[in-house]
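Order of appearance sets the numbers: ligands from 1, and atoms from 1 within every ligand. Note that these values count all heavy atoms, side chains included, but never hydrogens, waters or copies made by symmetry. We number each residue from 1, following the sequence as shown.
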Amino acid sequence: MTTGAPHAPLLTLDDVHVRHPVPGPRLFSKAHVHALTGAHVEVRQGETIGVVGESGCGKSTLARVLVGLQRPTEGTVAFEGTDLWQMPARRRAAEFGAAVGVVFQDPATALNRRLTVRQVIRDPLDVHGRGTRAQREDRVGEVMGLVGLPPSAADALPGQLSGGQRQRVAIARALALEPRVVVADEPTSALDVSVRAQILNLLHDLKERLGLGLVFISHDIQTVRHLADRIVVMYLGRIVEEGPVEHVIRTPRHPYTAALFSAAPALLGGTERIPLRGPLPSAVNPPEGCPFRTRCRHADQTCAIDPPDRAGTVDAHRFRCHHPVEP
Ligand SMILES: Nc1ncnc2c1ncn2[C@@H]1O[C@H](COP(=O)(O)OP(=O)(O)OP(=O)(O)O)[C@@H](O)[C@H]1O
């Protein structure tokens, strides 16, 4: 966990929106999927941010924006104060591509099956032209050691390894260029339950040892509680609540967060389940005002008109709600 004064943010998303044209016959209409709306995130050295929310709420979109794979429709992404999308493409690839690493959900599809482990891990070093060939080989050995892969795995093909070992290869590849931030999008959900804890502990250890900023996306709030310093809760493309993980889990202020946590019974030991009313609205036509109002027991006219601002400063615990749950 983080101690002492917080570091300045390494990576900052400011008022980021991502809208996708609706695919299919409506291609020429003005309809858009609102995948991300007004996201503000700060990733600091040595801090783990856990991102949670239902399927389709925009977690992967947020991850893709954080690692520079998705250009925002609006808003800025800055690394140490430099606007990523104002940089020339080559500089962006050279500097940002090296500074931010990514680990995807399924190593079976994320890794090129035809390359050996050594080649997979060396690839970013080759692409970025780092050092001599011998130095690149040394770096491959170094990161394999960091992630607990035996040297004998270097000449294997990813398909010859177990799921857990493959995810270690993906993590080694993400670390090859010595990134300052790593974004892991559901890094254990494609793995056997038996190896999940090992991979989670590995990510946590690496964050501590290397002083990384880690963004960890997960369906599993219990895992986020275990790993993260801060939690970010998303609903329908918006960050509705965020703050120090224990504080938010013990005193959720947004009614959506309270309902989400109540569906994870082990979290607080037998809290009564708070049902969500009605279906999840479409991300093509999200409700005006507060996006959660159609499913919220406390919603009134204000919620239908005014999108709530980011409120609350207690310990940097913030939420967007006109009628927050009493702590
Ligand atoms: N390229 C795209 N074109 C159109 N819509 C998209 C595209 N990518 C994502 N979406 C939509 O944007 C919304 C957010 O998707 P996203 O994958 O970020 O959610 P998620 O929370 O990661 O979901 P899951 O947990 O199921 O992976 C969804 O409604 C999704 O259908």
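- Checked against a 3.5 angstrom limit, the closest N/O atoms of A283 and ligand 1 fall outside it.
- Side-chain contact check for H17 and D15: at least one donor-acceptor pair (N or O, by modelled atom type) lies under 3.5 Å.
- A heavy-atom distance below 4.5 Å is not found between the side chains of L236 and C57.
- The nearest heavy-atom contact from the protein to atom 13 (C) of ligand 1 is G56 O, 3.7 Å.
- Side chains of E42 and T12: no donor on one and acceptor on the other come within 3.5 Å.
- Here the protein heavy atom with the shortest distance to atom 18 (O) of ligand 1 is T61 OG1, 2.6 Å.
- Of the heavy atoms in V33, only side-chain atoms (C-beta onward) come closer than 4.0 Å to ligand 1.
- Here the shortest heavy-atom pairing between K207 and E47 reads CD-C, 4.2 Å.
- Within the structure, the closest approach of G53 to ligand 1 does not fall below 4.0 Å when heavy atoms are considered.
- The protein reaches atom 16 (P) of ligand 1 closely, with a heavy atom under 4.0 angstrom from it.
- Using modelled atom types and a 3.5 Å distance limit, the side chains of D185 and S60 yield a donor-acceptor pair.
- At the top of the distance list for atom 26 (O) of ligand 1, counting protein heavy atoms only, stands S55 OG, 2.5 Å.
- The environment of CZ in R277 is crowded: more than 12 heavy-atom neighbours from other residues, nucleotides or ligands sit within 6.0 Å.
- Here the heavy atom of the protein found nearest to atom 4 (C) of ligand 1 is H20 CB, 3.4 Å.
- Geometrically, ligand 1 and P21 share no nitrogen or oxygen pair separated by less than 3.5 Å.
- Nearest protein heavy-atom contact of atom 25 (O) of ligand 1 is K59 NZ, 3.0 Å.
- Comparing S60, G58, S218 against atom 22 (O) of ligand 1, the shortest heavy-atom distance belongs to S60.
- Heavy-atom proximity to H219, at under 4.0 Å, picks out these atoms of ligand 1: 25 (O).
- Numbered from 1 in the order shown, with element, the atoms of ligand 1 that lie under 4.0 Å from a heavy atom of E54 read 21 (O).
- Screening H317, R318, R253 for a side chain to side chain donor-acceptor pair (under 3.5 Å) with E241, the sole residue that qualifies is H317.
- Contact annotation for atom 30 (C) of ligand 1: protein absent (non-hydrogen atoms, distance under 4.0 Å).
- Between T76 and V16, every side-chain heavy-atom pair lies at or beyond the 4.5 Å cut-off.
- Using modelled atom types, one finds no donor on one side chain facing an acceptor on the other under 3.5 Å when comparing H322 with D306.
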